[in-house]
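Notes follow once the structure below has been shown.
Since this is a predicted model, take the numbers as computed values, not measurements. As a basis for the values below, the full set of heavy atoms in this structure was taken, side chains included, without hydrogen atoms, waters or symmetry mates.
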Amino acid sequence: MALFRRGITRGRTALLTAALLALTSCGSEEGFDPQEWDAPGQNGKVGSMLVRYAHMAEPRGEPWQPGDDVPVYMWLYNKGPDEDRLVGASTPVARSVEIVDGQGEPVRDGVSIPVDDLQGLESDATHLVLRDLRQTVRGGEFVEFTVRFEKSGNLDFKLPAQIPAYESDAPSTG
């Protein structure tokens with residue numbers, strides 16, 4: 001089942017990436033404008049940083065439980081004039097939030113976001129992980145969340161837990 005969900009997530013990521021590439025290479029003379037991109041998940045802006053499609057990974061067969069480590073994915077875009085850096089995140093529903101690489105190892109220096117760069121924090125790449133969840137979180141629920149940028153400052157928002165694909169694909173009964 002994990003392979004099935006991983007395939008769905010990778011498929012969604014591939015579709016999103018293809019859409020972004022299409023938007024950046026055609027259309028208006030200015031190209032892709034992430035400020036106009038109303039991605040699913042949570043979207044926000046602080047300073048020159050745009051956050052798009054921020055969400056917790058979908059629960060695996062049951063809600064996320066206390067003690068679980070939960071991946072968090074998002075896209076970051078720096079409308080700059082200067083490079084910025086994602087330096088951390090926090091939420092009251094977990095002991096801590098770590099920035100990790102694709103192998104799950106902590107990234108101590110944060111994530112550099114160059115000007116006019118769309119940076120994906122996603123599975124098998126650098127992303128965030130809620131460590132030691134303190135409460136049950138179901139797909140579709142929201143939790144308080146803060147991301148911290150070195151120059152742009154803090155952005156507070158409600159982070160959604162992705163609704164599991166198998167729930168929307170389940171046959172109706174009755």
With rounding to the nearest 0.5 angstrom, report the [atom1] to [atom2] distance, [X] to [Y].
{"X": "L155", "Y": "N43", "atom1": "CG", "atom2": "CG", "value": "10.0 Å"}
{"X": "M74", "Y": "Y53", "atom1": "CE", "atom2": "OH", "value": "12.0 Å"}
{"X": "Q119", "Y": "R52", "atom1": "CD", "atom2": "CZ", "value": "15.5 Å"}
{"X": "N154", "Y": "M49", "atom1": "CG", "atom2": "CE", "value": "13.0 Å"}
{"X": "Q42", "Y": "H55", "atom1": "CD", "atom2": "NE2", "value": "12.5 Å"}
{"X": "R85", "Y": "R148", "atom1": "CZ", "atom2": "CZ", "value": "14.0 Å"}

Would the distance check show the side chain of [X] and the main-chain N or O of [Y] forming a donor-acceptor pair, the cut-off being under 3.5 Å?
{"X": "Q135", "Y": "L133", "value": "no"}
{"X": "R138", "Y": "I163", "value": "no"}
{"X": "T126", "Y": "D101", "value": "no"}
{"X": "E122", "Y": "Y73", "value": "no"}
{"X": "K158", "Y": "P160", "value": "no"}

[Y] reachable from [X] in the ILVMFWY side-chain graph, under 4.5 Å edges:
{"X": "W75", "Y": "Y77", "result": "yes"}
{"X": "V147", "Y": "L50", "result": "no"}
{"X": "F145", "Y": "V46", "result": "yes"}
{"X": "F149", "Y": "L118", "result": "no"}
{"X": "L128", "Y": "V143", "result": "yes"}

Closest approach of [X] to [Y] (non-hydrogen atoms, all atoms of both residues):
{"X": "V137", "Y": "A161", "result": "CG1-CB, 3.8 Å"}
{"X": "A57", "Y": "W64", "result": "O-NE1, 3.0 Å"}
{"X": "P71", "Y": "H127", "result": "CB-CD2, 4.2 Å"}
{"X": "E83", "Y": "S112", "result": "OE2-OG, 2.8 Å"}
{"X": "D69", "Y": "D132", "result": "OD1-N, 3.0 Å"}
{"X": "D84", "Y": "N78", "result": "N-ND2, 3.4 Å"}

Open item on the list: Is a donor from one side chain sitting under 3.5 angstrom from an acceptor on the other, for D156 and T146?
Closed with: yes
Open item on the list: So, applying side-chain contact (heavy atoms from CB on, under 4.5 Å) with T91, which one of V72, L159, V97 is it?
Closed with: V97
Open item on the list: Is there a side-chain contact between M56 and L130 in this structure, where contact means two heavy atoms from C-beta onward sitting under 4.5 Å apart?
Closed with: yes
- [ ] Test side chain to side chain contact (heavy atoms under 4.5 Å, CB included) on L76 and L121 and set out the steps.
- [x] CA-CA 8 Å; L76 303 174; L121 304 183; 3.8 Å; yes
